[in-house]
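Everything below concerns the one structure shown next.
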Amino acid sequence: MVDGLEGSILTMYSTKIYEVAKNMSLTKHFLGTVGIYISPKLWDKFSPEQQQIINEELAAGALSNTAELIKLDAEYTQKLEELGVKFNEVNSEEFNQLTADVYNQFPAWSEGIHGTIMKELEAIRAAQ
């Protein structure tokens, strides 16, 4: 039995989880992302000017992607509400405190990753 869900609004809609889960917690700790990977061997073949252009375009694409995801979240929140899903607001600061120790359970993760993630989350939450 599924009683609730947290995660991506778009995933909840596209996978039809709303058929079995009518509650979703809005922790706002997850926004769909796209990773772009390139080997150092290939990257080093680009000139510094080409690398700069690529980095600038990736940064612009990230901003565009985030703006589109925020817009789609609003659209699909409405669709899910029409399908009977209830969205529960979450105290983000309390959520962060309660989950902070998770980062200590993975020693192979980069040192300071918790602070880096929290900074990014603050920016995402401020934009919504």
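Numbering of residues begins at 1 and proceeds along the displayed sequence. None of the values given here were measured: they were computed from a predicted structure.
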message: Tell me the closest heavy-atom pair linking N23 and M12, and the distance in Å.
response: O-CE, 4.3 Å

- prompt: What heavy-atom pair brings Q50 and K45 nearest, and what distance separates the two atoms?
  reply: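 Result for this residue pair: OE1-O, 4.4 Å.
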
- request: Check the pair Y13, V85 against side-chain contact (heavy atoms from CB on, under 4.5 Å), reporting the backbone distance first and the verdict last.
  value: CA-CA 10 Å; Y13 186 83; V85 174; over 6 Å; no

Any side-chain heavy-atom pair of [X] and [Y] under 4.5 Å:
X    : Y    : result
L26  : I9   : yes
E68  : K71  : yes
L69  : N65  : yes
I117 : Y103 : yes

With rounding to the nearest 0.5 angstrom, report the [atom1] to [atom2] distance, [X] to [Y].
X    : Y    : atom1 : atom2 : answer
M118 : I113 : CE    : CD1   : 10.0 Å
N96  : E122 : CG    : CD    : 8.0 Å
D73  : S8   : CG    : OG    : 6.5 Å
Y18  : M24  : OH    : CE    : 13.5 Å

Mind checking what makes side chain to side chain donor-acceptor pair (under 3.5 Å) contact with [X], not counting sequence neighbours?
X    : result
E56  : Q52
E49  : S47
N91  : none
Q105 : D101

query: What residue pairs, at least two apart or across chains, pass salt bridge (Lys or Arg N to Asp or Glu O under 4.0 Å) with a residue in residues 77-100?
result: E75-K79

query: So which residues get pulled into L58's cluster when ILVMFWY side chains under 4.5 Å apart are joined, directly or through others?
result: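 Direct or chained contacts put L58 with I36, I38, L42, W43, F46, I54.
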
- request: Determine, using the 4.5 Å side-chain heavy-atom cutoff (strictly less than), whether L63 and I70 are members of one ILVMFWY cluster.
  value: no

